[in-house]
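Scroll down for the structure; my scribbles are underneath it.
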Protein chains: 2
Amino acid sequence: MGITIRKIAKDLKLAVSTVSKALRDSHEISDETKRLVFEHARKLQYVPNPYAGSLKNRTTRNIAIVLPEVADTFFSNAINGIDSVAQAKGYHVMVYLTHESREREESILEELRSGRVDGILISVSVGVKRDSAVHARLAQDLPLIFFDRVCDEVATAKVLTDDFEASYKATTHLISKGCREIIFLDTAAGLSITDQRRSGFLKALADHGIKNGDRHVVQCSEDENESLDTIQKVLRRKNKVDGVIGSVEKLAIQTYTACHACGLSIPRDVKVLAFSNLQIAALLAPPLTTVVQPAFEMGKAAATLLFKALARKVDLRTERIVLPSVLHERESTQ
Amino acid sequence: MGITIRKIAKDLKLAVSTVSKALRDSHEISDETKRLVFEHARKLQYVPNPYAGSLKNRTTRNIAIVLPEVADTFFSNAINGIDSVAQAKGYHVMVYLTHESREREESILEELRSGRVDGILISVSVGVKRDSAVHARLAQDLPLIFFDRVCDEVATAKVLTDDFEASYKATTHLISKGCREIIFLDTAAGLSITDQRRSGFLKALADHGIKNGDRHVVQCSEDENESLDTIQKVLRRKNKVDGVIGSVEKLAIQTYTACHACGLSIPRDVKVLAFSNLQIAALLAPPLTTVVQPAFEMGKAAATLLFKALARKVDLRTERIVLPSVLHERESTQ
DNA sequence: CTATTTTACGAAACCGGTTTCGTAAATAAA
DNA sequence: TTTATTTACGAAACCGGTTTCGTAAAATAG
């Protein structure tokens, strides 16, 4: 059992309330008494129980990050951004991994209605609908902010990148390099971000006179092997693919693996480009052209917004922040 | 304000204690009453406040992971391993990033004595002494388990890899490939793991008749640019370096960058090998030979141990788990 | 010097659960 | 039928803080 405020009160023959007030530096307490209390608290190495007071003022100084996975450079950098703000504000970060399971995500959110955290930052998993009732209800109970992967139709704050524009630019880049038979590797379920990226892709194709854009979109699986298989089949088909866009990081890696397996040379046979935050993209064979999202900044922006909401300084329902991605041209699209 | 047990009691004209017991399926309550309570709780979407009861039975179902950073494949995979166990046990995971700052780590640990979490899994940052008093004291207050980077002299559980042996093997591998002028890139401060790895390296050199092993150890900086600079200088020195071992992942990446900058060919001019969990090591130019730690399993083992401790089924002071690393030979050491 | 205000502190309620203990009613044992 | 034991529930204390409110003593005003 740790040191409590009552132990200090007893030792000093003071009332608990006096000690509590002294520690909170209340004007009701004399400087002399405060000194005594602080000194004794320090001697006993008193650390207040965070959840005791939390009951009364219903605030835990905990926030939750809910995301598909942590072994992904975008997400881990976003966590860094969030953590940088949280640490500065004296908040604690709880991490919840959904592993791209809608069911798991929903049960986690259900649990978070309990008051374990004061607010939530979330990047939804595949399979979550854009008007998810679970997310909508949670957003009414406590501050909820979407970052990157959002539920468009849930009325709360969103922190995004310019996915449509970035994808349009990336596609144009491939076209300018001479690609005509470009494949857009899509994720299994409709993620908000890949929807945007696909739209940008299709618009670019259309604007450059490439017909039947839909034919260029390939649905991949969540299962790694299955997905790898799909990509290989596509690369081997008759009308030769000369460009590939990976809509998420994983697919870029799989594309490289698939090209190696099919004996295709990047960028000679096929040019590859991906949405990815891999720091070592430049060290790959060959260096990979990437659309890099400002992951750290997005996390930071989302967290900053959350703390504003906790201070009731903003109405989350109308907040929407869009940060720009950057295209890094490298050898894979030379 | 959420739904409380008192609200349910009032609605049903029962005592709070009755509702509490009913919800916990106490034998003191009749099946009929339980049914009523459960039904009403469900209708009201009651979610118990986790910290209310936590006051009485001093348990939060929260555990903390304290680590240097999350944007690192070893750590993010370890988190996955920990999370897999925690989720299964119904525990919640708090993540604390130290960013390799001893001061920050210590202040975090100090805060964790408050009862915010039931136990701690930690991989210490550089600069933490092997007999850190802060860590030792915390280990007395609540279950603390070191994983990977440990404080040898703090008497509590440790989950490690066979760093000495793995490094010995890795060095032998380089020697067998003809390397004589092998450089061991060490981290700035003495981490337990790099100490072990350095020892294994030196032992292998000695066993193969290479004198003055210490001359082969190069201290790198925590600062990325500074470290890169150091590596480049080493690569350019007169008695040509023909092998490099990166003791941590970051250094491997920097070595690649440095070789590119110096115009050195891997593996022709210099063979490179690193302790790294990068999944895409095989896609680098050239594919990197790595010593891979069982990150996920280590996290899992550490978490499992923690839950055993929470169930008072083990004495952490004597626990020590060592898992094997695996050497993946690739082109960088061909 | 009395009346009023301020200062400094204590008693107790409260937050939302859990747990102990007491007890009326129902059931079983004698 | 009387006594002993269960059964099913309620009252209240408790966990460790915060906060409200009441009040002696000290300071200030009149």
Side-chain angles (χ1 to χ4, degrees), chain A residues 1-38 40-41 44-62 90 111-118 141-142, chain B residues 1-38 40-41 44-62 90 111-118 141-142:
Chain A
M1 175 213 58
I3 303 297
T4 73
I5 213 171
R6 283 160 221 272
K7 160 78 171 154
I8 297 178
K10 201 184 209 177
D11 288 359
L12 265 41
K13 299 195 200 323
L14 287 172
V16 248
S17 51
T18 305
V19 176
S20 173
K21 289 173 198 165
L23 289 172
R24 316 200 92 225
D25 201 25
S26 162
H27 64 91
E28 284 186 45
I29 306 300
S30 71
D31 290 347
E32 174 60 11
T33 305
K34 280 181 189 170
R35 206 183 50 69
L36 277 171
V37 172
F38 274 114
H40 198 62
L44 263 47
Q45 299 192 122
Y46 167 75
V47 187
N49 182 311
Y51 300 133
S54 118
L55 266 188
K56 183 131 234 210
N57 49 257
R58 38 190 89 258
T59 167
T60 61
R61 294 189 86 77
N62 286 163
E111 258 235 47
L112 289 180
R113 293 179 55 236
S114 65
R116 194 177 286 268
V117 299
D118 298 345
D141 287 4
L142 68 168
Chain B
M1 174 214 57
I3 302 298
T4 73
I5 213 172
R6 282 162 222 272
K7 160 77 171 154
I8 297 178
K10 201 185 208 177
D11 287 359
L12 265 40
K13 298 195 200 325
L14 288 172
V16 252
S17 50
T18 305
V19 175
S20 173
K21 289 173 198 165
L23 290 172
R24 316 200 91 225
D25 202 25
S26 162
H27 64 91
E28 284 186 46
I29 306 300
S30 70
D31 291 346
E32 174 59 11
T33 305
K34 281 181 190 169
R35 206 183 49 71
L36 277 170
V37 172
F38 274 114
H40 199 62
L44 263 47
Q45 299 193 121
Y46 167 74
V47 187
N49 182 312
Y51 300 133
S54 117
L55 266 188
K56 182 131 235 206
N57 50 257
R58 38 190 91 259
T59 167
T60 61
R61 295 188 86 76
N62 286 163
E111 258 235 46
L112 288 181
R113 294 180 53 238
S114 64
R116 195 177 284 270
V117 299
D118 298 345
D141 287 4
L142 67 168

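Being a predicted model, the structure only gives us computed values, none of them experimental. Residue numbers start from 1 in every chain, and the chains themselves are labelled A, B, ... in the order their sequence lines are given, proteins ahead of strands.
- With sequence neighbours excluded, no residue forms a side chain to side chain donor-acceptor pair (under 3.5 Å) with B/Asn57.
- Under the salt bridge (Lys or Arg N to Asp or Glu O under 4.0 Å) criterion, B/Arg61 pairs with no residue at all, not counting sequence neighbours.
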Kindly give the atom pairs (protein nitrogen or oxygen, nucleotide nitrogen or oxygen) under 3.5 Å for nucleotides 13-15 of chain D.
unit_1 : atom_1 : unit_2  : atom_2 : d
D/dC14 : O2     : B/Lys56 : NZ     : 3.4
D/dC15 : O3'    : B/Arg58 : NH2    : 3.1

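- Sorted by residue number, the members of residues 10-19 of chain B with any non-hydrogen atom under 4.0 Å from DNA chain C read B/Ser17.
- With sequence neighbours excluded, no residue satisfies side chain to side chain donor-acceptor pair (under 3.5 Å) with B/Asp31.
- Under the side-chain contact (heavy atoms from CB on, under 4.5 Å) criterion, A/Asp118 pairs with A/Thr59, A/Thr60, A/Tyr91, A/Leu310, sequence neighbours left out.
- Qualifying salt bridge (Lys or Arg N to Asp or Glu O under 4.0 Å) partners for B/Arg24, counting only residues two or more places apart in sequence or in other chains: none.
- Not counting sequence neighbours, the partners of A/Leu55 by the side-chain contact (heavy atoms from CB on, under 4.5 Å) test are B/Asn49, B/Ala52, B/Leu55.
- Residues passing the salt bridge (Lys or Arg N to Asp or Glu O under 4.0 Å) test with A/Glu28, sequence neighbours excluded: A/Lys21.
- B/Thr18 pairs by the side-chain contact (heavy atoms from CB on, under 4.5 Å) definition with B/Leu14, B/Ala15, B/Ile29, B/Thr33, not counting sequence neighbours.
- In this view, B/Arg35 and B/Glu32, B/Glu39 satisfy the salt bridge (Lys or Arg N to Asp or Glu O under 4.0 Å) rule, not counting sequence neighbours.
- Each end of the helix from C/dC1-D/dG30 to C/dA30-D/dT1 gets its own axis from five base pairs, and the two axes differ in direction by 50°, given to 10 degrees.
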